[in-house]
Amino acid sequence: MSKPIQITTKPGSSKEYKTGSWRTSRPVFKHDTCNDCRICVIVCPDSCVSGGDFKYDADLDFCKGCGICAHECPVDDIDMVLEVK
Amino acid sequence: MTESTKTKKQKPPVEESLLTCGHRACAGCGEALGAKLVMDAAGPNTIVATSTGCLEVFSTAFPQTAWRMPWIHSLFENSAAVAAGIEAALRNKGKHDINVIAQGGDGGTADIGLGCLSGLLERNQNVLYVCYDNEAYMNTGVQRSGLTPYNARTSTSPSGTESFGNQHQKKNLLGICAAHNIPYAATATVAYPQDLMMKVKKALKIPGAKFLQVHVPCPLGWIHKSELTIEVAKLAVSTGLFPIVEMQYNKVTRTRKIGKDRRPVEDYLKLQGRFKHLFTDTAKDELEKVRQIAQANIEYFGLE
Amino acid sequence: MKMMIEGSMGVAYMVMRCRPNVIAAYPITPQTHIVEDLSQFKADGELSGEFINVESEFGAASVVLGAQAAGARAYSATTSQGLLLMGEVLFNMAGMRLPVVITVANRAISAPISIWNDHSDAMVMRDSGWIMLFAEDNQEAADMHPQAYKIGENPEIMLPVMINMDGFILTHAVETVDIPSQKEVDEFLPPYKPEEYLNVENPLTFGNLAEPQWYMETRYKLQETQEDAKALIEKIADEYKGKFGRYHGGLIDTYRMDDAERVFVAMGSIIGTLKDVVDDLRARGEKVGILKIRSFRPFPKEKIREVCGHVKELLVLEKAISFGLGGVLQEELRSTFYGQKHQPKVLGFVLGLGGRDIPPKSLIKLYEVSKGKEISNEFVDLRPEVAPKGSLVTL
Amino acid sequence: MKEIRLHGRGGQGVVTAAEIIGQAAFADGMFALAFPSFGSERMGAPVQSFVKISDKPIRARNQIHEPDYLIVQDSTLISMIDVTSGLKSGGLVIVDSERKPEELGLKIDGRVLTIPATKIAMEIIGRPVQNTTLLGYFAAVTGLISFDGVKKAIEERFPGLIGQKNVQAAQKAFELAGEVVNV
């Protein structure tokens, strides 16, 4: 007899799958006018913005470039730029 | 900004979300955002049952998962009942301090899963049910659901010479749930993350069955730019088309007033391709009907 | 303790002895008495598990699925339309390797609506991945419950188990059932302690999406596990015998088969009637016996071949039909012997559908008139106005 | 093995009567199998139930087509359905009736006995539930089950005063049987 196939999966293992290649444009965090409000962190559907102390960045391994962070940034500290292919 | 003020406002590093990256939702997905906010508000001491749909498909492609909490998906229409079983098991084993959340999309909740949801609410089991309402069956390619708004175009309610899209009104899911006389039923939106997270935390502190309907734009199905997810969601609120309210024991206890911020429905509709057909000469009457729906919402809940 | 009780009550007692943490069920005839009795045990404070009233059988199955996934021992019971309504969840439970036990009070399927016994409901679920056991009498039905949990919960099996008992014929029959003490059952059946369950300390994901590169592997393993379960079903039946002194068979059971040339093959309560029939025929010098299929899934091909070495004909009696093919069990028997050196002739009869009574005289007649004939899918005891010309046994 | 078929109407306790016979036989140390005719019948509709009694375990699950004994809880059924269908030669039919057996018009190769069970039940229990009364009579005239067994089964089924009254009614019928049989 053999054990049933492992049909459960380990927490957070999706990080093995990089979604960054889906992106057509990327956010550039300018670290210029940042007011540490963390809206960029909160509104990211991909949970890929992190940081602290007025310095936030998107993890480009995962960022799909949706642009919500840039659009919602109240101090215009994030630019969206086209990926160069 | 001086260095000293910066130091004063410094925050601890961002903690990894309980719905982490590497999931395969579309760029700008409102549902992914909504679920992330709900999970992070609930915290790790939570077990989650999820119905079939985008949320499950984009987050759990074997052998990986984006969830960092105990999580189960069984079927399309049974997350409420699965959660009920989890709650009963925990109760029987004397584990009273673990949150149980059931969640599903609008189809899995308001249509095919309504029976199981009603059973859960009737039994008043200690479960929070969260419906991510993106107003159509997005997982299968944008077919209409019971929560698709009037006149929205979907692949099974297309506009044409004889139709302006979905000809049925959006089901009053909040009212249906509240009518079970549960201790807490509310709506929220990704437009207002703090409000949404506050409601999740508040609901989880109340014993018994709780219901939360979260408005989550779908850039793919609603046909809007991915960066506009929050903006579109805000307009749904400020036009009166998606009222933000709280109910306790079937009585409205709190609402988010629109007041001076009220915007015409066109501002909301124009950003979305699913309502494009309403901006023609022949659609004037239909546009007026949408205005009337917004007005009725505003009057019913006293949002002015 | 020996009690003169309804079959449903015997099952309810035994379910309680298995200490399920969560029971969820929806009423449907003829299953109802089982869950009514369990509800009463709960109301009287005897049952420590939770009893969840649900809005449908679909809800019942979903609740027990959730409970089992959360590490609880869960139970439900249903029949017929209710089983069909549970169907989607049943397949899901097997795929998720959740060792739930449900009792099915076998009943016909609508339309026309019939609340009476046959095996059509169970046969619909034969490909669900569940282990499916069939009980001959109420003692066996009761005894199957601790066995079922022990089989399903084995870490190398982890499959749900369906206990089939004939609706009304068993569920509503009052006869002697020996119910062991709680202590005895506790000694036989340890608490359910799964290696993986929904747990905040080890937050695993259950019920993933499997893309084409993974789905087949899960199905392969399910098939492999069904095969593995064969040895365990036998082992646990023996273990039960050792502990309680009662043995109803392992994968199969046999009756007077030692020198039998013609053998009845069947499942469920008809086995009892057949025993009287076989004694009668034996008294007349017929070399006849009975092969009782106790485990329909996994299907005990090897075991059947082993006991049929000398058998010339198998008379398969079944209370179900797969329309457009014929009797399910007879097809299984034919496939069991396909390509084998020894191939007994398989005759197939359909009988007892929708509660049609099966009197011994009909069985004796079909035994006699079927000699030397090639028969498959012969309906027994049809009304004469419907029976085709040449029918062997009509009402 | 002895086979008993009971006829009555939904609500008259025909199934309960079969179960009490079975339980009485069990109390007497015999094997028994009692089961209903599995109907979906509602109050007032004709119903049947069955009991098999033996000194060996009972295996056959078929319904009783050739009973040794028939208990008819409602004599109005006689004109409606063929209650005596299949009765074995020399079999016994017990009918709840205030009439004499020959007045019932049953043409059978066996014996017919009547007992005013409803009347007795009304007097003692105060309600027209005659099933337990008939069982006292059945025990007396057949000797198949003991009165003690019937008493025990009734008491288990109906604890308290209602059980006591049912036992009294059954006792009265049991004693009455002595007179009838002696006639």
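In what follows, chains are A, B, ... by sequence order, proteins preceding strands, each numbered from 1.
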query: If you count heavy-atom pairs under 4.5 Å between each of C:Ala210, C:Ala61, C:Ala70 and chain B, which one has the most?
result: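 That would be C:Ala70.
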
- request: Mind ranking C:Val22, C:Leu198, C:Asn199 by heavy-atom pairs under 4.5 Å with chain B and telling me who comes out on top?
  value: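 When all of C:Val22, C:Leu198, C:Asn199 are compared, C:Leu198 has the most.
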
query: Which bit of B:Gln125 is near chain C, if near means a heavy-atom gap under 4.5 Å: side chain, backbone, both or neither?
result: side chain

Name the region of [X], side chain, backbone, both or neither, that has any atom closer than 4.5 Å to a heavy atom of chain B.
{"X": "C:Ser56", "answer": "neither"}
{"X": "C:Asn53", "answer": "backbone"}
{"X": "C:Asn21", "answer": "both"}
{"X": "C:Glu88", "answer": "both"}
{"X": "C:Tyr215", "answer": "neither"}
{"X": "C:Leu204", "answer": "backbone"}

field: Residues which pass side chain to side chain contact (heavy atoms under 4.5 Å, CB included) with C:Ala74, listed by chain and number, not counting sequence neighbours
entry: C:Val64, C:Ala67, C:Gln68

task: Calculate, to the nearest 0.5 Å, the distance between atoms CZ and OH belonging to C:Phe188 and C:Tyr149 respectively.
output: 13.5 Å

- request: Using a cut-off of under 4.5 Å on heavy-atom pairs, state which of B:Gly119, B:Ala61, B:Ala84 scores highest against chain C.
  value: B:Ala61

task: Count the heavy-atom pairs under 4.5 Å between each of B:Leu120, B:Asn92, B:Val82 and chain C, then report the option with the highest count.
output: B:Asn92

message: If only side-chain N and O atoms count, and only distance matters, is there a donor-acceptor pair under 3.5 Å linking C:Asn164 with C:Asn106?
response: yes

message: Does either side chain, that of C:Thr171 or that of C:His33, offer a donor lying less than 3.5 Å from an acceptor on the other one?
response: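 The answer is no; no qualifying pair exists.
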
